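For reference, the structure discussed in these notes is given below.
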Amino acid sequence: MIHVRLEPQGRELRLPKACTALKLLRELGLGVNSALVIRDGELLTPDRRLNIGDEIVVRTVASRG
Amino acid sequence: MKCRKCKALAAVALPSHNTAFCPDCYPVFVRSQVERAIHRHKMIAPDDRVLVAVSGGKDSLALTLLLHELGHDVHGLHVDLDIPGSSTDARAACEGFFAKLGLPLAVVELRREGLAIPLVKSRIKRPICSVCGKLKRHYFNKFALENGFSVLATGHNLDDEVSRLFANTVRWDASYLSDQGPVLPAADGFARKVKPMYRLTEFEIANFSFLRGIDHVIAGCPYSGRASFPVYKNLWSNLEERMHGAKVQFYENFLRDGRPVFAAWAEHREDPLSPCTVCGYPTSAEVCGVCRIRTMVAAESDTPGT
Ligand SMILES: [Zn+2]
Ligand SMILES: [Zn+2]
C-alpha cells in the first residue's frame with residue numbers, strides 16, 4: 001500500500017500498487033501545477049516513482065486573500 | 001528529471017519554463033525572477049523604505065524573505081481582521097516569521113477601528129470579500145503614508161494578476177484595465193504600490209515556501225467560498241496545462257499592448273480625486289468607501305433587532 005494524505009483537506013487514501021507522482025495526481029484529478037507531492041520532507045517531480053510502503057503528502061496549492 | 005543548473009536530482013519541475021531545478025538551485029531561480037521584476041519595472045530604489053502587506057499566507061511571507069535577502073529595508077504590516085478560526089493563526093504566522101527574521105512588524109486591529117469583519121459582514125449586504133479588500137487596502141495605504149514608507153509591496157502572484165485581469169476583461173471594465181499592473185505610481189494621497197512576485201505562479205511560490213521552510217497558514221478564509229476568482233483560477237490552470245506559458249503571455253502582452261490603450265482612454269474621463277469630507281483621504285466621491293462602510297456599520301447598530 002501507498003499511504004496518501006491530502007492537505008489541507010486532511011483526507012487520507014491508500015493506493016494498492018506502485019505508480020508515479022504524475023499518475024497519483026491524475027488519479028486525484030489534480031494538474032501537475034496545482035499540488036506539491038512530498039515524501040519524507042522531499043519534493044517529488046511528476047516523473048518520480050512511488051513505491052509500496054511510501055507515505056506521501058499531496059498539498060494543493062491555494063492562496064488566501 | 002535533472003536540475004537545469006547543476007544536474008542533481010530535480011525537486012521542482014516547471015513546464016511553463018520547460019525546466020526543472022534541485023532544492024538548492026530552485027530558490028536562486030525564484031529570487032532572480034523577483035529581482036528581474038524589480039529591476040525591469042524600477043519597483044524599488046536602494047534607499048526606499050518598503051512596507052510589505054502580510055496576510056500570513058505563503059505569498060506575502062515569501063515576498064518578505066526575498067526582499068530582505070535582496071538587501072531592501074523591509075517592514076511588515078498585518079491587518080488583523082478578527083475572523084474567528086482564521087485571524088489568530090494568520091497573525092501568529094506573521095509574528096513568528098518576522099520575529100525569526102528579526103524584522104519589524106506592525107499590526108492594525110480592525111476591532112479597534114470598530115470594523116471587525118464579522119461585525120461588518122453582519123451589517124452590510126455587499127459581498128464581504130470586496131469590503132474586506134477595500135478596508136485592507138485603505139489601512140495599508142494609510143499606514144504607509146503616515147509612517148514614511150515610500151513603497152508598499154504586496155505578495156500578488158501571476159495567478160492573482162491573471163485572474164483579476166481576466167475578470168476585468170470579461171466585463172471589459174475599462175477603468176480597471178487602464179491602471180492594472182505590477183506598479184502603481186504614487187499619487188495624491190496614495191503610496192507607490194508594487195507587486196514584485198507578479199511573474200511567479202502560486203505553484204512556484206508554494207515550492208519556494210516549502211523548500212525555504214516558511215511557516216505559513218494553509219487554510220483559506222472561511223468567508224471566501226463564493227468569490228469568483230477561484231473559478232477563473234481553475235480555468236487558467238487548465239489552460240496553462242495545455243498551453244505552457246499562456247498565463248505569463250496573457251499578462252505581459254496586456255502590459256505591453258493593452259494597458260496603454262486603456263490608459264489613454266481613461267485620461268479623458270477619469271473622475272478627479274478630492275479629499276474625503278470625513279477623513280481626508282482621496283476619493284472620487286464626496287465621502288470615501290471606508291467612511292461609508294463605517295457609517296453603515298454604525299447606523300445598523302442603532303437599529304434594534306438587526
Ligand atoms: Zn541544482
Ligand atoms: Zn473617508
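Remember, it's a predicted structure, so these values are computed and weren't measured experimentally. Letters go in sequence order (proteins before strands), and every chain restarts at 1.
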Next item on the list: List the steps, then state whether salt bridge (charged side-chain N to carboxylate O under 4.0 Å, His left out) holds for Glu240(B) with Arg242(B).
Entry: CA-CA 5 Å; Glu240(B) 181 72 33; Arg242(B) 287 155 197 249; over 6 Å; no
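Interface remark: Ile205(B) contributes no atoms to any contact with chain A (heavy atom separation under 4.5 Å). For Ala20(B), no part lies under 4.5 angstrom from a heavy atom of chain A. Using a 4.5 Å cut-off between heavy atoms, Leu14(B) makes no contact with chain A at all.
The residue among Ile38(A), Val37(A), Thr60(A) with the most heavy atom pairs within less than 4.5 Å of chain B is Ile38(A). Taking Ala11(B), Ala10(B), Cys132(B) one by one and counting their heavy-atom pairs under 4.5 Å with chain A, the maximum is reached by Ala11(B). Contacts with chain B were tallied for Ser34(A), Ala35(A), Pro46(A); Ala35(A) has the most, counting heavy-atom pairs under 4.5 Å.
With values rounded to the nearest 0.5 angstrom, Phe97(B) atom CZ is found 5.0 Å from Leu65(B) atom CG. Here Asp215(B) contributes atom CG and Cys94(B) contributes atom SG; the two are 11.5 Å apart, rounded to the nearest 0.5 Å. Once rounded to the nearest 0.5 Å, the distance linking CG of Leu15(A) with CG of Leu28(A) reads 7.5 Å.
A salt bridge does not link Glu113(B) to Arg111(B): none of the charged nitrogens lies less than 4.0 Å from a carboxylate oxygen.
Judged as a salt bridge (charged side-chain N to carboxylate O under 4.0 Å, His left out), the pairs with a partner in residues 83-93 of chain B (not counting sequence neighbours) are, in order, Asp80(B)-Arg91(B), Arg91(B)-Glu95(B), Arg91(B)-Glu109(B). Counting only residues at least two apart or in different chains, side chain to side chain donor-acceptor pair (under 3.5 Å) contacts with residues 7-27 of chain B comprise His17(B)-Glu204(B).
Of residues 47-55 of chain A, those residues lying under 4.5 Å from chain B by any heavy-atom pair are Asp47(A), Arg48(A).
Under the 30°/60° scheme for interplanar angles, the aromatic rings of Tyr198(B) and Tyr251(B) are found to be tilted.
Residues that satisfy the ring pair (Phe, Tyr, Trp, His ring centres under 6.0 Å) test with Phe210(B), not counting sequence neighbours, are absent from this structure.
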